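Per chain, numbering begins at 1; letters A, B, ... match sequence-line order. Since the structure is predicted, the reported quantities are computational estimates derived from the model, not experimental observations.
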There are 2 protein chains.
Amino acid sequence: MLPSSTVENYLKALYQAEATLGEKALVPMGQLATAVRVAPGTATTMIKALAESGLVKYEPYLGVRLSPAGTKLAALVLRRHRLVEQFLVEVMGMSWAEVHEDAEQLEHVVSDRLIERMDAMLGHPSVDPHGDPIPTADGDVESHQYDSLLTCRLRTPVKMIRVADQDASFLRFLEEHNLKPGQSIEVELRDPAADSVQLRTGDDHRITIGTKAASKLLIEVV
Amino acid sequence: MLPSSTVENYLKALYQAEATLGEKALVPMGQLATAVRVAPGTATTMIKALAESGLVKYEPYLGVRLSPAGTKLAALVLRRHRLVEQFLVEVMGMSWAEVHEDAEQLEHVVSDRLIERMDAMLGHPSVDPHGDPIPTADGDVESHQYDSLLTCRLRTPVKMIRVADQDASFLRFLEEHNLKPGQSIEVELRDPAADSVQLRTGDDHRITIGTKAASKLLIEVV
DNA sequence: TCCTATATTTTGAGTTGTCAAAATGAAACT
DNA sequence: AGTTTCATTTTGACAACTCAAAATATAGGA
């Protein structure tokens, strides 16, 4: 029984929620319902069905967690999503700000044959345009823990690795200021009162962004 | 109200049935049901709904015909299908025998933005890998009437234009014998008793095929 | 015309995924 | 402990799509 697009979306949402909530945590129903954009009761119904088929572990009133089988399936959906995004940017010349919506649809229909063809054309990339890691065909992911521009040391050169947000207008903003994976950056100042973070980019531009935005830009010390 | 994949498939099937049945003919329910692979009663139900929303004209017990609105919608589905096929062959290097299934899925989810990007990358092609014409973004198609290898004059050089069949194994057979659009061919002999047609191709190979196969190879006198 | 074969439609039912709103459980604050 | 608050689950209903099988219409032949 291959999973419907709907099921794939639930699994993907759980996978991503677990990634930010931490491994062992249960994902609360409300959060899941919000993520897949359905009413709370709908999520409950769906999750009970998924628990029935062994893709998740469901603890009534507490939350859900992916089973090993569910985790693998979710990783494969994410693999398709991210390879498609990389393909749309690298091969089709689209902007990284506009590929998410298309990938969201395509991830459910691209065949194995097609996805492996894309993978080969792209030279088996390890990350997508946003720096998100691409799971292997077996569902394995290399997961690192990165600091963000909110938590890294001041006045220390770092390199941008990943953007933890898919919002198109945010990505367009980043693109305009050349804030994409690979860019070198230094945090000059953080002002908690102003809720702001001042940056200097490798190409010597200065930008001030909010702390919430800063927390979404993941980096590595060079 | 944008049409579901299911509706798009019904419209597409009607469009193609009308193309082979002739313009004014009504498509019988049984034929439609077979084409979309559902039980006869299912097709009746669906068609009544489509008639309700003005996409088809339904004559109980006689058959269905696309309305102008339905025709346009169907042509756009076909445009997406054929551009995707051309893309899979030209850009992704897939065989023309294996692109149909993938295109069948992708045609329902590729966005306008993406399909126009493909169209541009391909240089606005007028036909797909099988020689089928690609409708414009307005839903206009250039439709020619071609002779086939079954009906053309004997011992007269002709050029292959189009294959009127998407069956993967048939296409693989054609590929093996270099029988694709553009190839020049001569019919040497037709043997009604043996139900066969003998060909000589431009690269000087001889092949004998059945009349049914021959009728699917559309040609033009050079 | 009558009868039969075939195509089509109707009926009753099932599946998947969804919602709104009522009911209930858990937690939190006096 | 009692009560309010919030999240979660239950309930009843609906929309889209499907089928099998019964009922009916049409067309063709005797």
Side-chain angles (χ1 to χ4, degrees), chain A residues 1-14 17-18 20-21 25-66 70 73-74 77 104-105 107-109, chain B residues 1-14 17-18 20-22 25-66 69-70 73-74 77 104-105 107-109:
Chain A
M1 219 48 79
L2 68 167
S4 67
S5 304
T6 308
V7 168
E8 290 189 340
N9 283 332
Y10 277 89
L11 296 178
K12 191 179 50 158
L14 282 174
E18 285 182 11
T20 49
L21 248 52
L26 289 171
V27 179
M29 275 311 179
Q31 182 178 331
L32 174 59
T34 304
V36 296
R37 296 159 152 264
V38 296
T42 305
T44 301
T45 310
M46 183 71 245
I47 287 304
K48 286 209 273 191
L50 293 185
E52 201 61 38
S53 55
L55 294 172
V56 303
K57 183 91 201 299
Y58 171 46
E59 313 263 21
Y61 293 103
L62 298 180
V64 223
R65 197 198 335 255
L66 289 168
L73 234 41
V77 177
E104 205 70 9
Q105 297 300 314
E107 67 186 6
H108 305 297
V109 302
Chain B
M1 219 47 79
L2 68 167
S4 67
S5 304
T6 309
V7 167
E8 289 188 342
N9 283 333
Y10 277 90
L11 296 177
K12 191 181 51 161
L14 282 173
E18 284 181 11
T20 47
L21 248 52
L26 289 171
V27 180
M29 276 310 177
Q31 183 178 332
L32 173 60
T34 304
V36 296
R37 298 159 152 265
V38 296
T42 305
T44 302
T45 309
M46 182 72 244
I47 286 304
K48 285 209 274 190
L50 292 185
E52 200 61 35
S53 54
L55 294 172
V56 304
K57 182 92 200 298
Y58 171 47
E59 312 264 21
Y61 293 102
L62 298 180
V64 223
R65 196 197 337 254
L66 288 168
L73 234 41
V77 177
E104 204 70 11
Q105 297 300 314
E107 67 187 7
H108 305 298
V109 302

Q: Give a yes or no on whether the backbone of Gly30(B) and the side-chain of Thr34(B) come within a donor-acceptor separation of less than 3.5 Å.
A: yes
Q.
Any base atoms under 4.0 Å from Thr6(B), or only sugar-phosphate, or nothing? Heavy atoms, all strands.
A. sugar-phosphate
Q.
Check the phosphate of dT9(C) against Tyr58(B), side-chain N and O only, distance under 4.0 Å to OP1 or OP2. Yes or no?
A. yes
**Q.** Side chain of Lys48(B) (C-beta onward), nearest among dT9(D), dA25(D), dT10(C)
**A.** dT10(C)
Q.
Rounded to whole Å, please give me the gap between CE in Met46(A) and P in dC19(C).
A. 13 Å
Q. Can you tell which of dC19(D), dA26(C), dC17(D) lies closest to the side chain of Tyr61(A)?
A. dA26(C)
Q: Kindly point out which of dT18(C), dT9(D), dT9(C) is positioned nearest to the side chain of Thr44(B)?
A: dT9(C)
(Q) Of the listed nucleotides (dT9(C), dT18(D), dT18(C)), which one gets closest to any side-chain atom of Pro40(B)? (A) dT9(C)
Q: Measure the distance from CD1 on Ile47(A) to C1' on dT18(C) and round it to the nearest whole Å.
A: 15 Å
(Q) Tell me the closest heavy-atom pair linking Pro3(A) and Leu73(A), and the distance in Å. (A) CG-CD2, 4.1 Å
Q: Choose from dT8(D), dG17(C), dT9(C) the nucleotide whose nearest atom is closest to any side-chain atom of Met29(B).
A: dT9(C)
Q) Reckon Gly41(B) touches a base, only the sugar-phosphate, or nothing at all at heavy-atom distances under 4.0 Å? A) base
Q.
Taking 4.0 Å as the cut-off, does a side-chain nitrogen or oxygen of Thr42(A) come that near to OP1 or OP2 on dC19(C)?
A. yes
Q | Residue whose nearest DNA chain D nucleotide is more 5′ - Val7(B) or Pro60(B) | A | Val7(B)
Q: Rounded to the nearest angstrom, tell me the gap between atom CG in Leu32(A) and atom P in dT9(D).
A: 11 Å
Q: Give a yes/no on whether any side-chain N or O of Thr45(A) is located under 4.0 angstrom from OP1 or OP2 of dT9(D).
A: no
(Q) Within this structure, what is the OH-CG distance for the pair Tyr10(B) and Leu50(B), rounded to the nearest 0.5 Å? (A) 8.0 Å
Q: Mind listing the closest non-hydrogen atom pair of Leu11(B) and Leu66(B) along with its distance?
A: CD2-CD2, 3.6 Å
